Amino acid sequence: MDDERQRPDHGPLAGFTVGVTAARRADELGALLERRGAVVLHAPALRIVPLADDSELLAATKDIIGQVPDIAVATTAIGFRGWVEAADGWGLGEDLLARLRGVRILARGPKVKGAIRAAGLTEEWSPASESLAEVLDRLLEEGVDGLRIAVQLHGEPLPGFVESLRAGGADVVGVPVYRWLPPEDIGPVDRLLDAAVARTLDAVTFTSAPAAASLLSRAEERGQLDDVLAALGHDVLSACVGPVTALPLQARGIDTVQPERFRLGPLVQLLCQELPARARSLPLAGHRVEIRGHAVLVDGVLRPVPPAGMSLLRALARRPGWVVARAELLRALPGAGRDEHAVETAMARLRSALGAPKLIQTVVKRGYRLALDPVAESKYADG
């Protein structure tokens, strides 16, 4: 039964905690992450409010029916469908579609193409990259001076896109189908920010630029911005569904990772590669030990570890094989105070959780050290 013994009974994200900031499709993303073993922290940074009864959308729809544009740009499938449905609700659906049948329609990607065709329309062109930047480049290369262009917005003002078209001489009609508003319950966002600062979070996923901007804005409101930026800049991975989503983070100097295809599935697969690759892996006392966010893999077996134990283990792993004094370990313990006995208590629980007590050695009157295998000692000797 060797094959069965070698087969891990945990997913690639086991032992990691991942934050989900999405409002739309948050359950789907969370389920994908949990299926691969992650603990998910749901914290919708925004809520999407449909504008079916909004005067702005109604006015834009009537404007387009009254004065037909030369070009229409459709940016999202849900937004385009929402626009057509809202127009139907006002009794303007047939008039809107009749006008759009004579318009050059540009679609950002395959999903919005499907929505356009489902409405009985046909797009003229769609970029392979699914990038609005490529749509903008094409329009500006062709020349937009004197053209009337309708742009279906989706919760965000598409910074630079509308302005660039207007600078090129176009008359741009924005079609605001959805609006982003702060979440009704800000508690989950605050808990996610606290978890990031405490480093009990391993990654945060972002599926829209407004959500990323909203999270940073909330951090600033709470006086946490510097601490949150420090966490996202080093210890907590920022995973974005695409380059537009990453812009608010990159503007603050935060490095992000993005899948080649801007979809939830590839985003989760990217995390399955990135997080295990970032985990610290060490040969200790004849065992292979991999330190993850809230658990440790010991010879491929997942061992959940309490937060205090993880703090001690990380402090020891910064200099593998070196003795770390009790006083230094005490400083690493969250809220431990001044009693070094707290270190001994947390260490006993850590050893028990790991299931292999010899991984950590007690050095009498000095402290503790990881039992680094002799072959690895030289590698870390100068650590």
Side-chain angles (χ1 to χ4, degrees), residues 17-31 33 40-60 75-79 81-83 85-86 132 151-162 174-198 200-201 203-233 236-254 256 264 267:
T17 303
V18 180
V20 171
T21 62
R24 190 169 64 86
R25 300 178 71 192
D27 291 343
E28 180 183 348
L29 178 53
L33 291 165
V40 174
L41 199 57
H42 282 279
L46 294 166
R47 59 192 166 104
I48 303 172
V49 180
L51 303 187
D53 58 348
D54 193 278
S55 57
E56 288 178 54
L57 179 58
L58 177 56
T75 59
T76 64
I78 188 173
R81 283 196 302 269
W83 182 21
E85 287 167 9
L132 269 181
V151 179
Q152 171 247 313
L153 307 175
H154 179 62
E156 54 193 294
L158 305 177
F161 189 88
V162 170
V175 181
V177 184
Y178 288 84
R179 179 171 292 145
W180 298 108
L181 292 176
E184 290 178 336
D185 179 7
I186 201 68
V189 172
D190 290 348
R191 287 192 287 275
L192 184 141
L193 291 170
D194 291 340
V197 171
T200 55
L201 193 64
V204 187
T205 59
F206 297 96
T207 56
S208 76
S214 177
L215 190 75
L216 296 178
S217 175
R218 180 60 181 168
E220 194 162 20
E221 284 175 20
R222 301 181 83 210
Q224 282 182 303
L225 184 59
D226 289 345
D227 291 339
V228 169
L229 291 177
L232 296 179
V236 182
L237 180 67
S238 295
C240 299
V241 78
V244 174
T245 296
L247 289 175
L249 297 162
Q250 292 172 348
R252 295 282 192 170
I254 297 168
T256 64
L264 295 188
L267 178 64

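Values below: all heavy atoms of this structure, side chains included; hydrogens, waters and symmetry mates excluded. Source: prediction; values computed, not measured.
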Measure across [X] and [Y] and return the closest heavy-atom pair with its distance rounded to 0.1 Å.
X: His42; Y: Pro188; value: O-CB, 3.5 Å
X: Ala45; Y: Pro183; value: O-CD, 3.2 Å
X: Ala22; Y: Thr207; value: CB-OG1, 3.3 Å
X: Ser238; Y: Ile254; value: OG-CG2, 3.8 Å

Value rounded to 0.5 Å, distance of [atom1] in [X] from [atom2] in [Y]:
X: Leu216; Y: Leu232; atom1: CG; atom2: CG; result: 7.0 Å
X: Leu41; Y: Thr21; atom1: CG; atom2: OG1; result: 11.0 Å
X: Leu249; Y: Thr256; atom1: CG; atom2: OG1; result: 6.5 Å
X: Leu33; Y: Thr17; atom1: CG; atom2: OG1; result: 11.0 Å
X: Leu264; Y: Glu28; atom1: CG; atom2: CD; result: 5.0 Å

For [X], check side chain to side chain contact (heavy atoms under 4.5 Å, CB included) against everything at least two apart and list the hits.
X: Thr245; result: Phe206, Cys240, Val241
X: Glu85; result: Arg81
X: Pro248; result: Ala209, Ala212, Ala213
X: Pro182; result: none

Start with the C-alpha gap between Leu57 and Val175, add the side-chain angles, then the distance that decides, and say whether side-chain contact (heavy atoms from CB on, under 4.5 Å) holds.
CA-CA 6 Å; Leu57 179 58; Val175 181; 3.6 Å; yes
Quick note, salt bridge (charged side-chain N to carboxylate O under 4.0 Å, His left out) partners involving residues 238-254, not counting sequence neighbours, are Glu220-Arg252
Donor-acceptor pairs under 3.5 Å, side chain of residues 191-198 to any protein atom, not counting sequence neighbours: which ones?
from	atom 1	to	atom 2	distance (Å)
Asp194	OD1	Arg222	NH1	3.1
Asp194	OD1	Gln224	NE2	2.9

